[in-house]
Amino acid sequence: MIISPSISQVLRGVIHEMNTNLKEGLADPVKKGQIDTIIGVLGSCAVRVDCQSTFIKEEADAISAMAKEYQAEEKATPHLEDAIEKLSQASDDHTLYQAASETLSAMSDIGDSAGPDLSRKLFGLLEQRLENELKIIGGGFEAAGRG
């Protein structure tokens, strides 16, 4: 397996070339906008390659730990119990993310009846997920050619 340069380094090299050599030579604003869109997508891919697996594993561990708190407090519903089981059996990033999402959703369905401490911790997990996803997609939407 080729490990150097890394995938993110290759993507960042392509982005650099597109920003300098290719884009500077274009006079058509529509084409420049298309290049900006491609650069944005490649930039998101570079961040995903660097961070996605780590984010998923860390998040799944935090969600699993919190789900155990719901069980310890006898707040777990049958839906949450099923989701916890799926989460414990997940073996790849895609399945792990789906199972973590289902578990997070099941805890959210319980809502404030879980009590203020669990609700506050759950909100923290939701905020962390949003923060990670914004990091991957670049912090928000920006129309191509407008930045």
Side-chain angles (χ1 to χ4, degrees), residues 1-20 22-23 30-147:
M1 174 184 281
I2 298 172
I3 59 171
S4 185
S6 70
I7 293 170
S8 65
Q9 288 171 325
V10 170
L11 291 169
R12 286 181 173 88
V14 171
I15 289 168
H16 175 74
E17 287 300 313
M18 291 181 83
N19 258 328
T20 54
L22 183 60
K23 190 173 160 187
V30 173
K31 296 289 184 203
K32 283 186 177 186
Q34 290 170 331
I35 295 294
D36 286 340
T37 299
I38 293 167
I39 288 170
V41 169
L42 291 174
S44 292
C45 289
V47 173
R48 282 182 73 173
V49 137
D50 286 342
C51 304
Q52 180 171 289
S53 188
T54 301
F55 285 162
I56 289 170
K57 286 177 177 67
E58 288 174 354
E59 180 185 74
D61 288 345
I63 289 170
S64 178
M66 182 152 189
K68 289 176 184 168
E69 289 184 52
Y70 274 72
Q71 288 173 318
E73 296 285 327
E74 297 182 357
K75 300 292 184 183
T77 62
H79 178 212
L80 179 55
E81 294 290 351
D82 289 343
I84 292 168
E85 180 65 24
K86 289 177 188 172
L87 183 58
S88 71
Q89 295 176 1
S91 58
D92 61 80
D93 284 350
H94 181 75
T95 307
L96 187 60
Y97 185 81
Q98 286 181 320
S101 296
E102 181 66 26
T103 305
L104 196 56
S105 175
M107 289 187 292
S108 296
D109 288 346
I110 295 168
D112 291 335
S113 66
D117 289 340
L118 288 175
S119 294
R120 186 176 55 257
K121 290 178 184 178
L122 177 62
F123 186 74
L125 285 176
L126 292 167
E127 282 184 320
Q128 185 62 53
R129 172 171 272 197
L130 180 60
E131 206 173 286
N132 289 343
E133 289 182 357
L134 288 176
K135 182 176 181 181
I136 288 171
I137 63 170
F141 176 77
E142 183 177 308
R146 310 258 194 256

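Throughout, numbering of the chain's residues begins at 1 and tracks the sequence. In this text the structure is predicted, and so the values were computed from the model without any measurement.
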task = For side chain to side chain contact (heavy atoms under 4.5 Å, CB included), just list the numbers for K68 and I84, CA-CA rounded to whole Å, side-chain angles, deciding distance to a tenth of an Å, and then say yes or no.
result = CA-CA 8 Å; K68 289 176 184 168; I84 292 168; 5.9 Å; no
key: Stepwise side chain to side chain contact (heavy atoms under 4.5 Å, CB included) check, I35 with I39   = CA-CA 6 Å; I35 295 294; I39 288 170; 3.6 Å; yes
request  = Quick one: do T103 and Y70 satisfy side chain to side chain contact (heavy atoms under 4.5 Å, CB included)? Show the steps, please.
outcome  = CA-CA 11 Å; T103 305; Y70 274 72; over 6 Å; no
Residues K75, L80; criterion side chain to side chain contact (heavy atoms under 4.5 Å, CB included); working and verdict = CA-CA 9 Å; K75 300 292 184 183; L80 179 55; over 6 Å; no
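In this structure a side-chain-to-backbone donor-acceptor pair under 3.5 Å is present from S44 to G40. Side chain of T95 to main chain of S91: no donor-acceptor pair is present (N/O by atom type, distance under 3.5 Å, no hydrogens or angles).
Here the straight-line distance linking atom NE2 of H16 with atom CG of N19 works out to 8.5 Å at 0.5 Å rounding. The CD1 atom of I15 sits 13.0 Å away from the CG atom of L22 when rounded to the nearest 0.5 Å. The structure places CE of M66 at 4.5 Å from CG of L122, a figure rounded to the nearest 0.5 Å. Remark: Q52 CD to H94 NE2 distance equals 10.5 Å, nearest 0.5 Å.
Within 6.0 Å of the CZ atom in R12, the count of heavy atoms belonging to other residues, nucleotides or ligands exceeds 12. Under a cut-off of 6.0 angstrom, the local environment of CG in D92 is crowded, with over 12 non-hydrogen atoms contributed by other residues, nucleotides or ligands.
Of all heavy-atom pairs between A76 and Q71, the closest is CB-CG, 4.0 Å. Contact record, A99 with L87: CB-CA, 3.6 Å, taken as the closest heavy-atom pair. The shortest heavy-atom contact between S8 and A46 is CB-O, 3.6 Å. The heavy-atom pair separating D117 from R120 by the smallest distance is OD1-NH2, 2.8 Å. Across every non-hydrogen atom of I56 and D93, the tightest pair is CG2-O, 3.8 Å. Between L125 and A62 the shortest heavy-atom distance is CD2-CB, 3.6 Å.
Proximity of Y97 to E59: side-chain heavy atoms (C-beta onward) are separated by under 4.5 Å at one or more points. The shortest side-chain heavy-atom distance between Q128 and E131 falls under the 4.5 Å cut-off. Proximity of I110 to H79: side-chain heavy atoms (C-beta onward) are nowhere separated by under 4.5 Å.
Checked for salt-bridge contact, K86 and E102 miss the test: no charged N lies under 4.0 Å from a carboxylate O.
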